[in-house]
Amino acid sequence: MRRTQSGFTLIEVMVVVVILGILAAIVVPRIMSRPDEARVVKAQQDMRAVGAALDLYKLDNFAYPTTDQGLDALVKRPVQLPNGAKWRDGGYLAKLPVDPWGNPYQYLRPGQHGEYDLWTLGADGTPGGEDVNQDLGNWNIQ
């Protein structure tokens with residue numbers, strides 16, 4: 001009786017390894033740039049959410065928080081509110097988000113680009129920059 005053995009030859013395994021290597025060389029560089037893009041998109045989404053909370057704050061309290069009150073006014077009741085203000089119990093955000101690079105969002109009122117400015121300094125955490133290091137603000141998000 002003759003037994004037949006089934007399995008892969010060394011040549012077949014080598015061909016598969018070479019094909020996987022070629023695919024990895026083509027695909028990996030395209031995928032590696034995606035985390036930076038994802039961080040920028042997350043920062044844009046965070047700023048939209050904080051902007052919506054700021055708008056609700058203004059509806060209830062007649063004005064956006066001052067620079068001194070900062071974004072904390074969305075989480076904790078500010079000490080001084082105008083007469084008739086109706087600050088929402090529980091706040092407007094459960095907690096303040098930090099940007100995708102671990103830094104707090106910056107807030108200025110009155111802003112240089114509108115009633116208020118809300119921005120992140122990007123990956124490098126310093127003003128200016130290009131690509132992922134670029135400052136991203138409520139005035140330039142899409």
Side-chain angles (χ1 to χ4, degrees), residues 3-142:
R3 279 203 230 166
T4 59
Q5 294 183 345
S6 61
F8 297 106
T9 66
L10 181 59
I11 299 292
E12 291 170 327
V13 172
M14 295 292 288
V15 167
V16 170
V17 168
V18 168
I19 291 172
L20 290 175
I22 291 170
L23 287 174
I26 293 170
V27 172
V28 168
R30 291 183 184 177
I31 294 174
M32 293 307 288
S33 68
R34 296 289 185 196
D36 290 335
E37 291 175 25
R39 287 183 184 99
V40 169
V41 169
K42 182 186 182 314
Q44 291 172 339
Q45 293 297 336
D46 284 350
M47 284 190 282
R48 285 187 188 104
V50 172
L54 285 165
D55 290 341
L56 289 173
Y57 179 97
K58 181 181 179 184
L59 284 173
D60 290 344
N61 301 289
F62 314 119
Y64 291 110
T66 64
T67 299
D68 291 337
Q69 291 170 326
L71 296 175
D72 287 335
L74 299 175
V75 179
K76 297 180 215 161
R77 182 182 177 91
V79 176
Q80 295 180 350
L81 287 172
N83 288 336
K86 295 181 171 123
W87 192 84
R88 181 182 293 181
D89 288 338
Y92 298 87
L93 292 173
K95 67 177 188 164
L96 289 178
V98 294
D99 72 17
W101 302 280
N103 302 311
Y105 285 98
Q106 308 294 310
Y107 176 75
L108 179 68
R109 180 177 175 265
Q112 297 175 356
H113 302 95
E115 285 193 70
Y116 67 87
D117 288 350
L118 176 66
W119 74 98
T120 176
L121 297 173
D124 62 358
T126 59
E130 296 179 11
D131 298 323
V132 295
N133 295 327
Q134 178 182 358
D135 297 352
L136 185 64
N138 63 326
W139 60 89
N140 67 359
I141 61 173
Q142 301 168 352

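Gln44 CD to Arg39 CZ: the interatomic distance, rounded to the nearest 0.5 Å, is 14.5 Å. In this structure, CG on Leu96 lies 8.5 Å from NZ on Lys76, to the nearest 0.5 angstrom. We find the OH-CH2 distance between Tyr57 and Trp87 to be 9.0 Å, quoted to the nearest 0.5 Å. The line from CZ of Arg88 to CG of Leu74 is 10.5 Å long, rounded to the nearest 0.5 Å. Rounding to the nearest 0.5 Å places CG of Leu56 at 9.0 Å from CG of Leu93.
Side-chain atoms of Thr120 never come within 3.5 Å of backbone atoms of Leu136 as a donor-acceptor pair (strictly under, hydrogens ignored). Between the side chain of Gln80 and the backbone N or O of Pro78 there is no donor-acceptor pair closer than 3.5 Å. In this structure a side-chain-to-backbone donor-acceptor pair under 3.5 Å is present from Asp99 to Trp101. Counting only distance, with no hydrogens or angles, the side chain of Asn133 and the backbone of Asp124 share a donor-acceptor pair below 3.5 Å.
Here the shortest heavy-atom pairing between Asn103 and Gly122 reads ND2-O, 4.2 Å. Of all heavy-atom pairs between Asp135 and Pro127, the closest is OD2-CA, 3.6 Å. A pairwise comparison of heavy atoms in Pro82 and Phe62 identifies CG-CD1, 4.1 Å as the closest pair. For Ala43 against Tyr105, the heavy-atom pair with the smallest separation is CA-OH, 3.4 Å. In terms of heavy-atom proximity, Val98 sits nearest to Lys42 at O-NZ, 4.2 Å. In terms of heavy atoms, Leu54 sits closest to Pro65 at CD2-CD, 3.6 Å.
Surrounding CD of Glu130 are at most 12 heavy atoms belonging to other residues, nucleotides or ligands under 6.0 Å away. In this structure, Leu23 places its CG atom where more than 12 heavy-atom neighbours from other residues, nucleotides or ligands lie under 6.0 Å away.
If you check the side chains of Asp68 and Thr66, you find no donor sitting under 3.5 Å from an acceptor. If you check the side chains of Tyr107 and Asp117, you find no donor sitting under 3.5 Å from an acceptor.
Taking a cutoff of 4.0 Å between a charged side-chain nitrogen and a carboxylate oxygen, Lys58 and Asp55 do not qualify as a salt bridge.
Side chains of Val18 and Val15 form no contact here, defined as non-hydrogen atoms less than 4.5 Å apart. Residues Leu118 and Leu71 have side chains in contact (heavy-atom distance under 4.5 Å, counting atoms from C-beta outward). Between Val132 and Asp36, some side-chain heavy-atom pair lies under the 4.5 Å cut-off. The shortest side-chain heavy-atom distance between Gln134 and Asn140 falls under the 4.5 Å cut-off. Residues Tyr116 and Leu108 have side chains not in contact (no heavy-atom distance under 4.5 Å, counting atoms from C-beta outward).
Using a 30° and 60° split on the angle between ring planes, Trp139 and Trp119 fall in the tilted class, from 30° to 60°.
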